[in-house]
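What follows is one structure encoded as structure tokens, with my remarks underneath.
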Amino acid sequence: MAYVAHPKSSLIPKLEGLHLFHFDGAPCAQRVRFALAEKGLMRGKEVRWNSHKRSGLRSRPNSWTSRRVSLIKKDHLTEEYAEIHPNMVVPALVHDGRLHLESMDIIDYVDATWPDNPLKPSDPDDAETVAKLVDWGKRLHVSVRYVSFHWGLGNLAKLKKEEEERLANLENSDSPEQLTAFYEKYDRDDIDLDTYLHHLDELEQGYAHLEHLLADGRPFLIGAQLTTADIIWSIKVLRIWECGYPFKRNFPNVYRWYRAVSMRPGFRSGVLSHHRRLSRLFRVKALLESLFTGGLRQAARRRAVLKVG
Ligand SMILES: N[C@@H](CCC(=O)N[C@@H](CS)C(=O)NCC(=O)O)C(=O)O
């Protein structure tokens, strides 16, 4: 569902240039912002996400207007947002009145529309490797949700009863995100530890594959060029690292690669510029949990011991 031909929201056709509906702490939006920055498209005006005011309808060339949809205030669980994104998730990109959904499809669209600094390799074998890595990353999206909610956000991510009801009324039954079904269980602590550990295991299998690829010291996943594979996987590391996962100990090559990618100007401006405070908060929370109750760090250690045993 990359491009939506007839969006319900009357705001969409009014928007000129680039407008991103996003949240600074949301991994799916972080990937898009990272890609936009790598293409030289910088964050411009901040506008209320649902504003129809004339002053916010047109973006400057080579920049995008930020329409921040707060996942904390649950802006995404409103009828107005469901008219923009029927699956009620961020991000959504509008370019000259046309609505694009799905973060990796958005990145492909941006890459094709602004061809400088390509994010896809021209060599067909490399392109196939990138496509496989991106697909794997996409499949792990749900695992990031389970692991980061359980060991990161905890009770903070639970919905109130009325929010749950609103979501159930508004979410399409065929939405691939299936948020209603997830929150129904999550809000009632109805997901067992084995399920969370299964998702952690899925992620660790992905990181183990990257660890192997990166063992020869290459700067990026396929070699010398930063691609969409680095974009999706670096954000997958960021979120789980913020939850306290010991990358340096468990996957040292992944850690080295992630550190280098995260120093790039595109990562710093696209991903971190407005996320630093929340990121620090996540990390302090994870640290306290690892000291007192046993967080992701301990879960990862127990798993490593079990695997060796
Ligand atoms: N497949 C979608 C997934 C988007 C998605 O799940 N977004 C998350 C943030 S990373 C979200 O908005 N979640 C809302 C929630 O969990 O309530 C994409 O890649 O764009």
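Whatever order the structure lists them in is the order used to number ligands and atoms, beginning at 1.
- Ring pair F21/Y81 is tilted by interplanar angle, where 30° to 60° counts as tilted.
- Against a heavy-atom cut-off of under 4.0 Å, R31 is close to the following atoms of ligand 1: 19 (O).
- Between Y207 and Y245, the ring-plane angle classifies as tilted under the 30° and 60° cut-offs.
- Close approach of ligand 1 to P27 (heavy-atom distance below 4.0 Å) involves ligand atoms 10 (S).
- The protein heavy-atom contact nearest to atom 10 (S) of ligand 1 is C28 SG, 2.7 Å.
- Each of the following atoms of ligand 1 lies closer than 4.0 Å to a heavy atom of E177: 1 (N), 2 (C), 3 (C), 6 (O).
- For ligand 1, the atoms lying closer than 4.0 Å to a non-hydrogen atom of H141 are 3 (C), 5 (C), 6 (O).
- Looking at ligand 1, you'll find an N or O of V90 within less than 3.5 Å of one of its N or O atoms.
- The protein heavy atom nearest to atom 9 (C) of ligand 1 is A26 CB, 3.7 Å.
- Taking the six-membered ring for Trp and the full ring otherwise, W49 and H76 have centroids separated by 6.0 Å or more.
- Of the protein's heavy atoms, V89 CG1, 3.9 Å lies nearest to atom 13 (N) of ligand 1.
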Problem set entry | E184 vs R188, salt bridge (charged side-chain N to carboxylate O under 4.0 Å, His left out): CA-CA, chis, key distance, verdict | CA-CA 7 Å; E184 248 169 34; R188 291 163 187 75; over 6 Å; no
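- Taking the six-membered ring where tryptophan is involved, the planes of H212 and H209 are tilted, since the angle between them lies from 30° to 60°.
- Remark: ligand 1 atoms within the under-4.0 Å shell around heavy atoms of P91 are 20 (O).
- The option from S103, S175, P176, S148 that lies nearest to atom 20 (O) of ligand 1, judged by heavy atoms, is S103.
- Here the heavy atom of the protein found nearest to atom 16 (O) of ligand 1 is Y183 OH, 3.1 Å.
- In summary, the atoms of ligand 1 found under 4.0 Å from a heavy atom of H76, numbered by their order in the structure, are 14 (C), 15 (C), 17 (O).
- Summarising the local packing, CZ of R259 is surrounded by 12 or fewer heavy atoms from other residues, nucleotides or ligands at distances under 6.0 Å.
- Seen from the ring of Y3, R98 counts as a face-on cation partner, given the 6.0 Å and 45° thresholds.
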Exercise. Passes side-chain hydrogen bond (donor to acceptor under 3.5 Å, both in side chains), N50 versus R48? Steps please.
Worked result: CA-CA 6 Å; N50 51 359; R48 216 184 123 70; 3.1 Å; yes
